Protein chains: 2
Amino acid sequence: MTLADVARRAETSTAVVSYVINNGPRPVAAETRERVLAAAAELGYRPNRVASALRSRTTGVVGLVLADAQTPYFATLAGHIERALDERGKLTLIGNAGYAADRQQDLVERFLAAQVDGLVIVSADGGADVAAHAEEAGVPAVYVHHQPTEAHAPVIAADNRTAVHEAVAHLRRHGHERIAFLAGPHDIGPVGLRRQAWHAAVADAELLRCDYSRAAAATVAERRITDGTMPRALITATDEQAIGILAGAWAGGLVVPDRLALISLDGTPDSAYTAPALTVTQQPLHAMAEHAVDQLLGTSSPSPAPSAATLILRRSCGCDHRASAL
Amino acid sequence: MTLADVARRAETSTAVVSYVINNGPRPVAAETRERVLAAAAELGYRPNRVASALRSRTTGVVGLVLADAQTPYFATLAGHIERALDERGKLTLIGNAGYAADRQQDLVERFLAAQVDGLVIVSADGGADVAAHAEEAGVPAVYVHHQPTEAHAPVIAADNRTAVHEAVAHLRRHGHERIAFLAGPHDIGPVGLRRQAWHAAVADAELLRCDYSRAAAATVAERRITDGTMPRALITATDEQAIGILAGAWAGGLVVPDRLALISLDGTPDSAYTAPALTVTQQPLHAMAEHAVDQLLGTSSPSPAPSAATLILRRSCGCDHRASAL
DNA sequence: CTGTTAGCGCATTCAC
DNA sequence: GTGAATGCGCTAACAG
């Protein structure tokens, strides 16, 4: 079924059929429009977006490159982005780079070959400035969460510094002086910012490091408990690490929050249903996604830039104002 | 940059350039090939997949329709599917139906318009047989996890019945007689199969129901604890519900596994890092994804059909053979 | 307001 | 082994 078939059936031209299918760019007489619509319905006509894309030079597809699609933080962010795109009539081509710079590069290349209308890059630490390739091809791109140094595209990220300060201040209110920090393996990207903000706010406390995985954090917790060197107050850079710490603490018989006050810095949905529930600074992932997509598509009414994460008080820091898990 | 540009630079025809770019379907003299490759590299030529798709009637893109992209179970499955597709050179167009039948329909329609080479549908309970539309358009489709009644496409799912039997048997080994079951709001789909298998294996024990969300399950747990009607042994249909039960139990001061032996039936990665760690029957999500994609693409060496979930013993059932969270 | 027509970039047929 | 020419289905000039 093609435009021509519909035109033939409606006894008109392909141009007119195109005008009614796309509501423009030229007006069509009401009666003709009815005939065309009827013919299209009878034939079960479905426009071929590929042909349309070739001619109009716009596919209605946006590429979403993810560093990691499995982690709740990224998965939630990706979900919001896909939804924002969908609301604006775009389709989402998704790709998972698995933290590998070359895979990220390759995905961008393939998305560009597919003539995407834009590129959203949720990169993690490291990686080259893939947006440069997009710019060269005349395709707009935005980074979300993280941006490589000297990047040629806007970045959408929340204010990490303020979030960390709030977490530190809250733990101090609980009477803690020495507030340790569990960072990632290095200080690149948003987590590096969080680490620095902690360092600026806390005079002398211990800096721990491990991978951004539950398994790694659980190992750290178990070892620390065995050694008797577990801090009494800890801020983790990510929810994944916090959940790992909780698992390790449980296995090691260390009670949270009695023996360890814990705050995490992502605030994914997962953090609300751990045992005990995690106190977090919640990143405005929805706002970040909306803003990124508006920025990318140059929508007329752009959403406001996402602000800082908000502190959500639950049980793991020692707060008690909500006994219920809800 | 188009084929014609490269041809001009290499002083040959567009046909020859096409042959070398695609390695066929006709042979090209080594020397000519070199000239073409050099010209393409110098010009930074990138094939236009849209034009290629229009001509060759194959886009190299597969549509993935998800009932819910946020839940770890579906997110993990989606990740495996995307990866399997990527390994076979396909790009993935993703869409989130959010459990809404009309949104699912709409997504399929738009993917078909985009001329996808195939459709993977990870549907949840309900929804029409969207694969029928695909079949009509001559596009192959597979269902994963769940299939509407009277569906016109293959389904890839694991053996839920066996999984449930193993869970029941294990709880019995721990000395439990009355093993309750937490099902979804109704008995459609895979969860319905699990519910039936439990019913067949357990004579008289209580059937609980709630939404497939952590929040709903936590509410159930808290109410049961308050009422003093919490079962001593429970199998939950999904990990989401198990995690909610754990959160509710913690908030209500009920110790798992001492006062409640718990087994869940998904076995997502999340289940390994709860406190306590969940004993689960782990669904072969990777095998399901591989098999689905092979089935869809008609690959020469199809992967074997996924078998039953495997029982992973951890702490929540009362087992003690692994003190570590790892 | 409607119809005719020329490509979009590429794969492929047919001639050489 | 190579090249010229055709058309995939659609949009947008252009002409009526």
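None of the values given here were measured: they were computed from a predicted structure. Reminder, nothing fancy here: chain letters follow the sequence lines and each chain counts from 1.
Salt-bridge formation is detected for the pair Arg88(A)/Glu290(A): a Lys NZ or Arg NE/NH1/NH2 atom is positioned less than 4.0 Å from an Asp or Glu carboxylate oxygen. In summary, Glu11(A) and Arg35(A) do not engage in a salt bridge, as defined by a charged side-chain N under 4.0 Å from a carboxylate O.
For the residue pair Tyr45(B) and Asp5(B), no side-chain donor N or O sits within less than 3.5 Å of a side-chain acceptor on the partner.
Rounded to 10 degrees, the angle separating the terminal axes of the helix from dC1(C)-dG16(D) to dC16(C)-dG1(D) is 40°, with each axis obtained from five end pairs.
When rounded to the nearest whole Å, the span between CG of Asp5(A) and C1' of dC10(D) equals 13 Å. As a whole-Å value, the separation of Met1(B) CE from dC10(C) P is 11 Å.
With sequence neighbours left out, Phe111(A) forms a ring pair (Phe, Tyr, Trp, His ring centres under 6.0 Å) with no residue at all.
Side-chain atoms of Asp129(A) come within 3.5 Å of backbone atoms of His152(A) as a donor-acceptor pair (strictly under, hydrogens ignored).
Between Ser52(B) and the phosphate of dG9(C), there is no side-chain N or O to OP1/OP2 separation shorter than 4.0 Å.
Paired with Val142(A) under the rule side chain to side chain contact (heavy atoms under 4.5 Å, CB included), one option of Ile121(A), Leu119(A), Leu297(A), Leu296(A) passes, and it is Leu296(A).
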Determine, stepwise, if the pair Tyr73(A) / His145(A) fulfils side-chain contact (heavy atoms from CB on, under 4.5 Å).
CA-CA 10 Å; Tyr73(A) 179 83; His145(A) 174 75; 3.0 Å; yes

Reading 5' to 3' through nucleotides 1-8 of chain D, protein heavy-atom contacts under 4.0 Å coded B for base, S for sugar-phosphate only, - for none:
BBBBB-BB

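Residue Ser18(B) is in base contact, counting any heavy-atom pair closer than 4.0 Å across all strands shown.
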